[in-house]
Amino acid sequence: MPSGTSGKPPSRAADGAGKGPEGATATPPAATPRLGQMPEDRDPLVWVLSDDRAGNTSQALGVAEALGWEFVTKDIRYTWAGRLPNVLRRASLIGVDASTGSAMVSPWPDLVIAAGRRTAPVARWIKRRNPAAYLCQIMWPGASGLNDFDLIAVPSHDHLPGVRDNVMRITGAPHRVTETRLAIEAARWHTRLGSLKRPLFALIVGGSTKNRTFTPAMARDLAEQVGTMVRATGGSLVVTTSRRTGREAETALMKALPAPAHLFRWGDTGENPYFGYLAHASAVIVTGDSVSMVSEACATQAPVYIYAPPALITPKHARLHQNLYALGLAEPLSGLYRPWVHPALNAATDIAASIRRALVGDRL
């Protein structure tokens, strides 16, 4: 969304509330210092801080949409100083450009939702303008100014030491794939995907990360296992790739896969079928290189199979996968398919519930 624009969430906070895999419920903070602080005659004024990290922004928007309140998106554009550690940036607009600062004007929000380390100094600066503002920070903001945040939601697989009253540990990453959205996308894509042979396998391919490379050999190995599942069941296959897949790996993948019934490569024009794939899938196969992609795959109740060769996966990602396997939310990809169901996973509903308790108590 453009800077300063407002958004209306597609679903209320109750969408999916209370639905979570057993053992995956987020651990709430020990204290909610602003229990029921909001007046009853209005909803909180909500700002979502959006920067150039699309994955971070999606997590913040997922929480905002789960709350069910109107919100305003504030775009953050960084200068070179945005790379400085937060201990130097402190509670300030150091590291953001002039257009970002000019958009930060009163009326100041009651609630700020931000994600990622670089947004944290801006959130803290806003709190200096309205000390009563509730700051929700998704992901660890660094050791600077931790007491400024009312809620810090951190993934359990990050293995952060210590216990703090304002820290909530979550499974996976919050996201925007709700039950309501899946129902909408299922209807929108029914004509194109609804008649495909079942089981319908949705292959979601990420790729290389900062320190790991998705190689053509990995792509062929993935394709072989997926092909085995499709041929053994007589089902159909839909495939989407990402910017990180890379041309060589994507070419190797497509040569080795059975012909997809529907395909959307990175860079293709037209409507992106990603959410339609999730909505219609009998099973989701996802590469394990992205916390967000794996978490979104687990938002459906279909079987989830994670492709996670050791050379592609970091220790942090491996810990997440093990958590999901232990909770019955996913299985490692083996080339074998069995139908099963699991509860939908979305940490956004847990985070939103904690915020609601703090700001409006039991009020609907």
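These numbers come from the heavy atoms of this one structure, side chains and all, not from hydrogens, waters or symmetry mates. In what follows, residues are counted from 1 in the order of the sequence shown.
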Please determine if Arg83 forms a cation-pi arrangement with Tyr78, meaning its NZ or CZ atom is less than 6.0 Å from the six-membered ring centre and no more than 45° off the ring axis.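 Not satisfied by the 6.0 Å and 45° rule.
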Could you check whether Arg181 makes a cation-pi contact with Phe275, meaning its NZ or CZ is under 6.0 Å from the centre of the six-membered ring and within 45° of the ring axis?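 Ring-cation test returns yes.
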Would you give the length of the straight line joining atom [atom1] of [X] to atom [atom2] of [Y], rounded to the nearest 0.5 angstrom?
{"X": "Ser242", "Y": "Phe264", "atom1": "OG", "atom2": "CZ", "answer": "12.0 Å"}
{"X": "Lys74", "Y": "Ile126", "atom1": "NZ", "atom2": "CD1", "answer": "8.5 Å"}
{"X": "Leu312", "Y": "Thr213", "atom1": "CG", "atom2": "OG1", "answer": "8.5 Å"}
{"X": "Ile152", "Y": "Arg164", "atom1": "CD1", "atom2": "CZ", "answer": "6.0 Å"}
{"X": "Phe149", "Y": "Ile138", "atom1": "CZ", "atom2": "CD1", "answer": "11.5 Å"}
{"X": "Leu61", "Y": "Ile113", "atom1": "CG", "atom2": "CD1", "answer": "8.5 Å"}

Just checking, any donor-acceptor pair under 3.5 angstrom between side chains of [X] and [Y]?
{"X": "Thr241", "Y": "Glu250", "result": "yes"}
{"X": "Asn346", "Y": "Thr349", "result": "no"}
{"X": "Arg117", "Y": "Asn56", "result": "no"}
{"X": "Ser290", "Y": "Glu296", "result": "no"}

Check whether any side-chain heavy atom of [X] sits under 4.5 Å from a side-chain heavy atom of [Y], and report yes or no.
{"X": "Leu333", "Y": "Ile285", "result": "yes"}
{"X": "Leu278", "Y": "Glu185", "result": "no"}
{"X": "Met218", "Y": "Thr215", "result": "yes"}
{"X": "Gln225", "Y": "Tyr307", "result": "yes"}
{"X": "Arg212", "Y": "Phe214", "result": "no"}
{"X": "Thr119", "Y": "Ile76", "result": "yes"}
{"X": "Val177", "Y": "Leu182", "result": "yes"}
{"X": "Val154", "Y": "Met168", "result": "no"}

Would a distance-only check, ignoring hydrogens and angles, find a side-chain to backbone donor-acceptor pair under 3.5 Å from [X] to [Y]?
{"X": "Asp150", "Y": "Leu135", "answer": "yes"}
{"X": "Ser282", "Y": "Arg198", "answer": "no"}
{"X": "Ser50", "Y": "Asp75", "answer": "no"}
{"X": "His262", "Y": "Leu193", "answer": "no"}
{"X": "Thr245", "Y": "Gly206", "answer": "yes"}
{"X": "Thr233", "Y": "Met229", "answer": "yes"}
{"X": "Asn86", "Y": "Arg118", "answer": "no"}
{"X": "His175", "Y": "Leu345", "answer": "yes"}
{"X": "Asp110", "Y": "Leu45", "answer": "yes"}
{"X": "Ser295", "Y": "Val291", "answer": "yes"}

Hydrophobic clustering (ILVMFWY, side-chain heavy atoms < 4.5 Å, transitive) - are [Y] and [X] grouped together?
{"X": "Leu257", "Y": "Tyr277", "answer": "no"}
{"X": "Leu253", "Y": "Tyr274", "answer": "no"}
{"X": "Leu200", "Y": "Leu203", "answer": "no"}
{"X": "Leu359", "Y": "Ile351", "answer": "yes"}
{"X": "Leu222", "Y": "Val286", "answer": "no"}

Do the two ring centres, one from Trp125 and one from Trp47, sit under 6.0 Å apart?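 Between Trp47 and Trp125, which both carry aromatic rings, the centre distance is not below 6.0 Å.
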Test of ring centre spacing under 6.0 Å for Phe201 and Tyr337: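 When the ring centroids of Phe201 and Tyr337 are compared, they turn out to be within the sub-6.0 Å range.
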Closest approach of [X] and [Y], non-hydrogen atoms and distance?
{"X": "Ala297", "Y": "Val284", "result": "CB-CG1, 3.7 Å"}
{"X": "Gly95", "Y": "Arg89", "result": "CA-NE, 4.4 Å"}
{"X": "Ala120", "Y": "Pro141", "result": "CB-CB, 3.7 Å"}
{"X": "Ala153", "Y": "Ile170", "result": "CB-CD1, 4.3 Å"}
{"X": "Pro260", "Y": "Met254", "result": "CG-CE, 3.7 Å"}
{"X": "Leu111", "Y": "Cys136", "result": "CD1-CB, 4.5 Å"}

Can you check salt bridge (Lys or Arg N to Asp or Glu O under 4.0 Å) on Arg124 and Asp148, steps first, answer last? CA-CA 6 Å; Arg124 294 176 59 207; Asp148 284 343; 2.7 Å; yes
Does atom [atom1] of [X] have more than 12 heavy-atom neighbours from other groups under 6.0 Å away?
{"X": "Arg243", "atom1": "CZ", "result": "no"}
{"X": "Trp108", "atom1": "CH2", "result": "yes"}
{"X": "Arg53", "atom1": "CZ", "result": "no"}

Decide salt bridge (Lys or Arg N to Asp or Glu O under 4.0 Å) for Arg169 and Asp158; before the verdict, give the C-alpha distance in whole Å, the side-chain angles of both, and the deciding distance to 0.1 Å. CA-CA 9 Å; Arg169 299 183 187 272; Asp158 279 355; over 6 Å; no
Residue pair Phe71, Glu65: steps toward the side chain to side chain contact (heavy atoms under 4.5 Å, CB included) verdict: CA-CA 8 Å; Phe71 59 88; Glu65 290 170 355; 4.1 Å; yes
Quick one, Leu151 with Val167, criterion side chain to side chain contact (heavy atoms under 4.5 Å, CB included). Give me CA distance, side-chain angles, the key distance, then yes/no. CA-CA 6 Å; Leu151 181 64; Val167 170; over 6 Å; no
Given side chain to side chain contact (heavy atoms under 4.5 Å, CB included), test Gln59 with Met139 step by step and report yes or no. CA-CA 10 Å; Gln59 293 186 41; Met139 294 181 281; 4.2 Å; yes
Under 3.5 Å, side-chain donor or acceptor atoms of residues 317-327 against the rest of the protein: list the pairs with distances, not counting sequence neighbours.
residue	atom	partner	partner atom	Å
His317	ND1	Thr314	OG1	3.0
His317	NE2	Asp289	O	3.4
Arg319	NE	His157	O	2.7
Arg319	NH2	His157	O	3.0
His321	ND1	His317	O	3.4
His321	NE2	Gly288	O	3.1
His321	NE2	His317	O	3.4

Full working for side chain to side chain contact (heavy atoms under 4.5 Å, CB included) between Arg77 and Ser99: CA-CA 8 Å; Arg77 296 180 177 87; Ser99 67; 3.9 Å; yes
